[in-house]
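Below is one structure, written out as structure tokens; the observations come after it.
When a ligand or atom number is given, it counts from 1 through the structure's own listing order. As the structure is a prediction and not an experimental result, all values here were calculated from the model. Note that these values count all heavy atoms, side chains included, but never hydrogens, waters or copies made by symmetry.
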Amino acid sequence: MSVPLRQSFRWFARPLALVVAVLLTVVVATGFLGLRYLQERQAANLAQERNRQVLETLDRLKAVIADVEAHRRGYLLTLDPQYLKAYGVSDESVRRDAQALQALVAGDPLQSHRAEHLALTVAAKLREIDEIVKTVRTYSGPAALAMIRSLDEIRSQIDQMVDHERFLRVDQERRAEALERRKAWLIAAAIVIVAVLAGVALALARLEAKRRRKAIAENIALHGDLLARDKKIRRLVDSDIVGIIIWDLEGRIFEANDAFLHMLGYDRADLASGRVNRTDLTPAEWRDRDARTVDELKRMGTVQPFEKEYFRKDGSRVPVLMGGAMFEQSQHQGVGFVLDLTERKRAEEALRRSEERFRTLVQFSFDVYWETDAQHRFIHQEFAENLADAPGLGSEIGKTRWEVPYLEPDEEAWRKHREMLDAHLPFRDFELARLAPDGSKRYVSVSGLPVFDGRGRFIGYRGVGRHITERRRAEEALRAMQAELAHVNRVTTMGQLAASIAHEVNQPIAATVTNAQAALRWLRAQPPDLGEVRDSLARIAEDGKRAGNVIGGIRALINKVPSRKDRFDLNEAILEMVALTRNEVLNQGILLQTGLAPGLPRVDGDRTQLQQVILNLILNAIEAMGGIDKGMRELRITTEREAAGGVLVTVRDSGPGLDPADVERVFTAFYTTKPTGMGMGLAICRSMVEAHGGRMWASANEPRGAVFQFTLPLERDESVPARASGDGDNEVRGDRPQAAEAEPSATDGRSVHARDGCE
Ligand code: ADP
């Protein structure tokens, strides 16, 4: 019997014993009470029977007495001997009944006494009557009466006894009824007890049945469990995942699954021949560990998994993880599992190498490696060893980047950055400045990529940071140098433009003089023509303004004006430069055309710088065309909306053009083909355009010449078109007779064409 069954039986035995004890008690008590009832019933029956017999005897006695009386009375009254016939019989019956009566009431002292007395009375009275009968010879009424009186006494005694017996009978009947009632109670009690016991027994039986069902279910489950476990173990043994061996403490291996044999390159024949022995499989440096394992197994019966190495059949080594336990029945043998760690070791090695590579990369490429969690708090930071003023390791862990004190960028940039982080987008080159201990600024540029887990949930950012303080300083120095060079360039350009400028300034002054003379002439006329005077004066004011503008423009170009941001009309700025170079264009006999897109949106930037770019391109083109026939010199400046949304400016000439190999070189600093050139003009132009977010490039013009182009981006919300200052194609021709009077600016002229010897 299994242990749980034995236990449950014990649990059941106690109430069962109780029930049996109660049952026995009930049976004994019922038996005793039943016996007593039977005895009492019997006694009652006997008493009733005796009572019945006594009454019958008394009745009979009474009847016999009545007979005796009747016969004696008849004889005494008639003296007919016929009446004496039955006499003997009656006397005898009376006596016999009187004796029988005595015998019947022997148990009742009172009745017994009465019966005795009755018997004596009967005997005496019968004798007395006999005496009367014998003595009477004649009819005797008085004798008959005396005899009747004697018999009345007997009758009275008989009646007394009858009454007594009747009384006894009533009592007996009452007792019999009480006895029956007791019997009924007894039976009812017995039924109730039996019913209760039956109920208890039923409940216990149910309980037992339930417990048995549960026990059976448990047994089935246990059995199923055992089967499943057995199956699992079998699967484990049969599968090629884990090597399983059965060995003894001496190192012999009796059983091994295929996985183990494959792992070490052995086969079943090797195993059967006993060649596969743990001691031989273990390299020397692992023998100590083996000894410890055996010791542990002896003491505890199991050994915790540990790593070691085995020799393969071919002599190579295989790293393994092994563990084992002794069999419970055998103190000497046990089972062990062996897991091939080759792959894991390889992966670990690969990981270690990758980690090393990554570290090297970080050391040489970046100054900071960082990781943040889903709330953008730093969870990991590594700083390059040579990083100056790195924050204390771990000092920023748990903080967000904006909780670390930074001097830059401004709030707006932070807001945009956080929006990007909250949208889980990658970011590049987010530049920050922190305060160095010496009070200077240290710049860091950080880039990061969002990281998602296997289920696509955002878990944080991973990224790098570069220390860009040196670069920022170099950039600042470069900017300063460029500004310096730009200035030099401007001055040089101005030198070249000296004649042109002189003309530009002279021209309005000459016009002013001419107009003033004309005004004086109109004043002197009779009558003076005041209308003409007014017109002349208006022209004088106009010319004065133009001279002022020219001088202001030149001053701005020559001065080192710091970079500013305006929103301005690009076409207008170009036209100003066209105006500035108009004289040179005319002198060189160049046909200058402009094709400025109408309604061009205003651009953002430094107007003067961009004007210098255009001026440079125009002057370069003029210079380049210096070597070709005058009739073929053409310069065209156009603006248009770019497909990408910006503005495209194009300056084409019909000069010698560029060698395809030089289209990029011309933009490098100090590249020049001119004896007096500096080779800085285009380099500065490109850097200025790029500083405005645009691009600049050169290409060949068709059928000849060079094309220089640059783009400028437009602010996204830019929708207000500039004043249509250069609508349509315009041309400035240098062959017009009076350049000063013709006002040959691109805004109102069609073209400029050089005429030989022009001023
Ligand atoms: P610089 O004018 O001092 O030489 P730039 O940087 O302005 O310096 O020009 C560099 C060189 O590019 C010039 O020397 C010239 O060889 C070439 N170049 C510039 N513009 C043109 C052009 N429109 N046509 C042909 N060559 C040009």
Side-chain angles (χ1 to χ4, degrees), residues 478-479 481-501 557-558 574 577-578 580-582 584-585 587-595 608-639 648-692 694-711 732 752 754:
L478 186 70
R479 257 199 298 278
M481 204 169 83
Q482 279 175 347
E484 187 61 34
L485 280 169
H487 173 64
V488 172
N489 198 43
R490 277 195 288 264
V491 172
T492 314
T493 310
M494 286 307 118
Q496 292 165 349
L497 282 174
S500 182
I501 292 161
L557 277 173
I558 293 174
I574 290 173
M577 290 303 105
V578 168
L580 200 66
T581 51
R582 186 183 49 119
E584 191 68 15
V585 167
N587 283 343
Q588 297 291 327
I590 297 168
L591 172 66
L592 190 152
Q593 292 172 305
T594 53
T608 313
Q609 273 188 10
L610 292 172
Q611 276 187 321
Q612 203 198 341
V613 171
I614 295 156
L615 184 63
N616 244 309
L617 296 180
I618 296 173
L619 290 176
N620 271 352
I622 295 172
E623 272 183 327
M625 290 188 289
I628 62 160
D629 281 353
K630 282 199 172 169
M632 295 165 73
R633 295 176 186 173
E634 284 170 17
L635 177 61
R636 183 169 168 78
I637 303 169
T638 56
T639 57
L648 175 70
V649 180
T650 308
V651 179
R652 295 170 194 275
D653 64 53
S654 55
L658 295 164
D659 195 306
D662 289 339
V663 287
E664 262 310 300
R665 264 174 72 201
V666 292
F667 291 102
T668 52
F670 307 115
Y671 172 80
T672 180
T673 54
K674 300 168 193 165
T676 53
M678 278 183 71
M680 286 305 295
L682 289 175
I684 292 170
C685 286
R686 185 181 251 186
S687 81
M688 281 175 175
V689 168
E690 285 175 357
H692 280 78
R695 285 186 311 115
M696 187 173 201
W697 65 98
S699 55
N701 188 23
E702 286 299 324
R704 59 179 181 281
V707 186
F708 283 83
Q709 285 174 298
F710 67 90
T711 60
V732 179
V752 175

Item checked: Rounded distance (nearest 0.5 Å) linking atom CG of Leu658 with atom CD of Glu664 -> 11.0 Å

Next item on the list: Enter the distance from Met632:CE to Leu591:CG here, rounded to the nearest 0.5 Å.
Entry: 13.0 Å

Checklist line | Straight-line distance of Asp653 CG to Ile622 CD1, nearest 0.5 Å | finding: 10.0 Å

Next item on the list: Kindly confirm or rule out an N or O of Glu623 lying under 3.5 angstrom from an N or O of ligand 1.
Entry: no

Next item on the list: Drop me the distance from Arg582's CZ to Ile618's CD1, to the nearest 0.5 angstrom.
Entry: 13.0 Å

Notebook entry, point to check: Just heavy atoms, cut-off under 4.0 Å: does Leu617 contact ligand 1 by side chain, backbone, both, or neither?
Noted result: neither

Checklist line | Option nearest atom 27 (C) of ligand 1 (shortest heavy-atom distance, choices Leu658, Ile684, Asn620, Val666) | finding: Leu658

Notebook entry, point to check: Atom CG of Leu617 and atom CD of Gln612: how far apart are they, to the nearest 0.5 Å?
Noted result: 10.5 Å

Margin query: Suppose I only count heavy atoms of Ala624 and a 4.0 Å limit; which atoms of ligand 1 are within that range?
Written below: 22 (C), 23 (N), 24 (N), 25 (C)

Next item on the list: Using non-hydrogen atoms of the residue, decide whether Ala698 is closer than 4.0 angstrom to ligand 1.
Entry: no

Notebook entry, point to check: So, does Phe708 sit close enough to ligand 1 that a heavy atom of it is under 4.0 Å from the ligand?
Noted result: yes

Next item on the list: Please tell me if the side chains of Gln588 and Arg633 come closer than 4.5 Å, counting only heavy atoms from C-beta onward.
Entry: yes

Check: Heavy atoms only: which of Val663, Thr673, Thr668, Leu635 is nearest to atom 16 (O) of ligand 1?
Finding: Thr673

Margin query: Does ligand 1 come near enough to Lys674 that some N or O of the ligand is less than 3.5 Å from an N or O of the residue?
Written below: yes

Note to self: Using 0.5 Å steps for rounding, measure from the OG atom of Ser699 to the CD atom of Gln709.
What the structure shows: 5.5 Å

Checklist line | ligand 1 N/O within reach of Leu682 N/O, cut-off under 3.5 Å | finding: yes

Checklist line | Per-atom contacts, ligand 1 versus Gly657 - under 4.0 Å to a heavy atom | finding: 25 (C)

